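The sequence lines fix the lettering, A, B, ..., with proteins before strands; numbering per chain opens at 1. Quick caveat, the model's predicted, so the values are computed rather than measured.
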Amino acid sequence: MRYVVAKDCPEAVALLNANNGARLLAGGTDLLVQLKQGAAKPNILIDIKKIDGFGNIAAEEGGFRIGATVSGAEIGAHIALKAAWPGVVEAVELIGSTQVQGRATMVGNLCNGSPAADSVPAMLAAGAVARVEGPGGARDVPVADLLKGPGRTALGSAELVSSVLLPKRGARAGDAYLRFIPRTEMDIAVASAGVNLELDAGGVVVAARVALGAVAPTAILVPEAAAALVGSRLEASALDACATACEAASNPIDDKRGTAEFRTRIAGVMATRAAKTAYTRAGGSL
Amino acid sequence: MSKIHVNATVNGDAVEFLCEPDEVLLDVLRDRLNLTGAKEGCGTGDCGACSVTLNGRLVASCLVLGAEVEGSAIETVEGIGTADALHPLQRHLLDHAALQCGICTPGIIVAAKALLAENPDPSEEEVRFWLAGNLCRCTGYDKIIRAVLSAAAEMRGDSA
Ligand SMILES: Cc1cc2nc3c(=O)[nH]c(=O)nc-3n(C[C@H](O)[C@H](O)[C@H](O)COP(=O)(O)OP(=O)(O)OC[C@H]3O[C@@H](n4cnc5c(N)ncnc54)[C@H](O)[C@@H]3O)c2cc1C
Ligand code: FES
Ligand code: FES
């Protein structure tokens with residue numbers, strides 16, 4: 001295996017294009033574990049951390065563009081980003097320990113393709129859009145369209161994600177992310193939910209997005225759960241309908257962390273609790 | 001495999017080493033630079049025994065490649081205190097009997113020092129949260145948390 005530092009994005013793309021079996025190295029908190037365990041056997045590691053601009057969080061058209069190599073610790077320390085997208089930031093901050101936060105990137109969390117990746121449901125709920133760079137140039141792809149299955153994304157073999165855009169959000173809007181794990185920190189989600197809401201002046205939900213993690217081969221958007229919240233002030237009946245829609249959309253595995261039945265039930269619970277937090281963050285009172 | 005030539009600083013001293021492309025910083029520190037303070041508990045980012053700072057940021061050195069630290073500043077437990085003048089964290093860990101086998105201790109010292117640099121007056125909860133990635137099989141954590149809190153108080157100059 002070779003290790004190379006890409007000096008810019010075109011070089012990283014060219015290296016990917018020229019080497020079957022190349023892997024990009026961002027924070028390495030997934031990849032170096034896979035390397036150690038023999039689960040990944042790349043012939044070349046392309047370190048993208050020295051690429052100009054990849055380490056930036058930039059305001060863009062009222063939203064925020066987060067570069068591919070920005071660490072969790074940097075995202076958590078960005079006050080304006082946290083104020084605009086508290087749910088996405090809390091999801092990123094749940095990734096691993098302080099030590100892991102110092103390295104792990106949100107884009108790496110996405111590209112690793114784990115169905116339980118914490119930042120992904122929050123990005124789905126936020127309507128995040130990834131900038132994908134490849135031999136043909138750049139294209140913008142909704143994060144939802146990049147998810148293909150456990151360990152798989154829709155990226156081509158010579159493509160990479162250079163940044164993710166969290167769009168501008170309305171005045172009365174808020175998001176939240178919650179996961180269930182057996183301990184209070186440092187574990188993989190058994191089920192999780194990201195919710196993003198926009199309210200009118202009377203506190204009625206006018207737009208909603210609900211996403212679930214760890215209950216299907218990828219994180220999923222659940223439009224029926226979002227529709228159950230729209231037009232409501234999160235009355236019990238709306239929350240119940242949201243939970244039922246989440247249960248219906250769940251198709252989890254059974255494993256030592258939780259049975260399929262438990263994950264399904266918990267998905268709805270996480271979604272309704274996250275919805276309440278998002279609602280108060282949007283300025284609504286429950 | 002051809003070796004990679006790397007320049008960095010460790011505890012303020014310039015170092016130069018050759019490493020394999022897949023060799024992690026933890027192994028470079030221990031096997032090439034003879035700095036055996038950082039320990040390997042798991043090798044997969046879970047235990048924190050290998051904690052060091054990289055350009056001021058707390059990291060697990062088992063999840064950083066040696067090749068990645070070119071031009072970087074690394075701080076390890078060897079740079080904290082001396083045998084004659086222990087760092088307050090080291091003294092309070094001893095005073096509280098907050099170690100038994102001691103395998104986790106270097107990582108805890110490095111991690112706690114990074115916490116106090118960022119937050120000199122952490123609550124108990126903040127200490128527990130920050131150190132959640134530093135596993136200790138022996139002490140049950142309580143003594144460690146108390147030692148960090150009392151070292152922090154001393155470092156702030158509080159008469160606690
Ligand atoms: C102790 C520990 C605890 C953890 N806890 C959690 C947790 O609680 N929740 C959670 O979700 N995850 C957790 N993780 C997993 C991991 O930390 C995250 O998935 C992290 O966000 C990965 O980011 P990275 O930058 O380290 O990725 P890397 O390991 O560098 O990369 C991950 C994958 O994505 C690819 N990749 C990276 N960047 C790009 C790019 N720009 N374009 C295309 N492909 C790219 C890489 O080639 C690799 O296949 C944990 C890991 C450890 C070691
Ligand atoms: S050896 Fe690095 S975290 Fe355990
Ligand atoms: S003292 Fe033994 S692991 Fe902490």
Side-chain angles (χ1 to χ4, degrees), chain A residues 1-7 19 22-50 55 69-77 90 93-105 108 112 181 183-188, chain B residues 1-6 19-27 38 40-72 107-108 110-112 114-115 118-119 122 125-135:
Chain A
M1 187 186 78
R2 286 197 301 141
Y3 165 89
V4 292
V5 177
K7 64 179 184 317
N19 294 279
R23 290 290 283 275
L24 297 166
L25 177 66
T29 59
D30 279 313
L31 188 51
L32 295 190
V33 175
Q34 292 161 13
L35 219 58
K36 171 130 190 168
Q37 294 169 340
K41 292 187 177 28
N43 54 15
I44 172 167
L45 277 187
I46 307 167
D47 189 345
I48 56 174
K49 287 188 291 295
K50 299 278 161 62
T69 62
V70 175
S71 69
E74 289 164 333
I75 289 173
E90 74 193 342
E93 287 193 290
L94 281 173
I95 298 171
S97 58
T98 318
Q99 287 85 343
V100 171
Q101 283 283 309
R103 302 289 284 174
T105 66
N112 187 59
I181 57 172
R183 51 187 301 230
T184 55
E185 245 223 290
M186 295 274 296
D187 208 343
I188 300 167
Chain B
M1 288 200 278
S2 66
K3 286 197 175 142
I4 298 168
H5 180 227
V6 178
C19 68
E20 303 291 346
D22 62 354
E23 191 172 335
V24 294
L25 175 60
L26 175 62
D27 292 338
E40 177 161 3
C42 64
T44 50
D46 296 289
C47 77
C50 65
S51 297
V52 302
T53 64
L54 179 61
N55 298 325
R57 189 73 82 183
L58 184 67
V59 301
S61 62
C62 70
L63 291 189
V64 176
L65 293 176
E68 288 182 272
V69 306
E70 169 67 34
S72 302
I108 295 212
V110 170
L115 166 64
E118 202 165 285
N119 179 0
E125 192 182 345
E126 285 169 333
V127 176
R128 286 187 184 273
F129 196 75
W130 183 278
L131 294 179
N134 289 88
L135 304 187

K.L.:
Which atoms of A114(B) are under 4.5 Å from chain A, going by heavy atoms: the side chain, the backbone, both sets, or neither?
P.N.:
neither
K.L.:
Of the backbone (N, CA, C, O) and the side chain (C-beta and beyond), which part of Q34(A) lies under 4.5 Å from a heavy atom of chain B, both, or neither?
P.N.:
neither
K.L.:
Mind checking the CD1-CD spacing from I75(A) to Q101(A)? Nearest 0.5 Å is all I need.
P.N.:
8.5 Å
K.L.:
Atom CG of L25(B) and atom CG of L32(A): how far apart are they, to the nearest 0.5 Å?
P.N.:
11.0 Å
K.L.:
Counting only heavy atoms closer than 4.5 Å, note whether L31(A) contacts chain B via side chain, backbone, both or neither.
P.N.:
neither
K.L.:
Between K50(A), K36(A), Q99(A), which has the largest tally of heavy atom pairs under 4.5 Å with chain B?
P.N.:
Q99(A)
K.L.:
Checking heavy atoms, do the side chain of Q37(A), its backbone, both or neither come under 4.5 Å from chain B?
P.N.:
side chain
K.L.:
Between G43(B), G48(B), A111(B), S51(B), which residue shows the highest count of heavy-atom pairs closer than 4.5 Å to chain A?
P.N.:
G43(B)
K.L.:
Rounded to the nearest 0.5 Å, how far does CG of D47(A) lie from CG of L25(A)?
P.N.:
5.0 Å
K.L.:
Which distance, rounded to the nearest 0.5 Å, do you find between the CG of D22(B) and the CG of L65(B)?
P.N.:
7.5 Å
K.L.:
Could you tell me whether R103(A) and E68(B) make a salt bridge, using a distance below 4.0 angstrom between a side-chain N and a carboxylate O?
P.N.:
yes
K.L.:
Looking at V24(B), V64(B), I4(B), L115(B), which one has more heavy-atom pairs under 4.5 Å with chain A than the rest?
P.N.:
V64(B)
K.L.:
Report yes or no: does T98(A) contribute a side-chain atom to a donor-acceptor pair with the main-chain N or O of W130(B) at less than 3.5 Å?
P.N.:
yes
K.L.:
Against chain A, label V52(B) side chain, backbone, both or neither, depending on which of its atoms sit under 4.5 Å from a heavy atom there.
P.N.:
neither
K.L.:
Looking at chain A, which one of T44(B), L54(B), V59(B) has the largest number of heavy-atom pairs inside 4.5 Å, strictly under?
P.N.:
V59(B)
K.L.:
With rounding to the nearest 0.5 Å, note down the distance linking CG in D187(A) to CG in L94(A).
P.N.:
11.5 Å
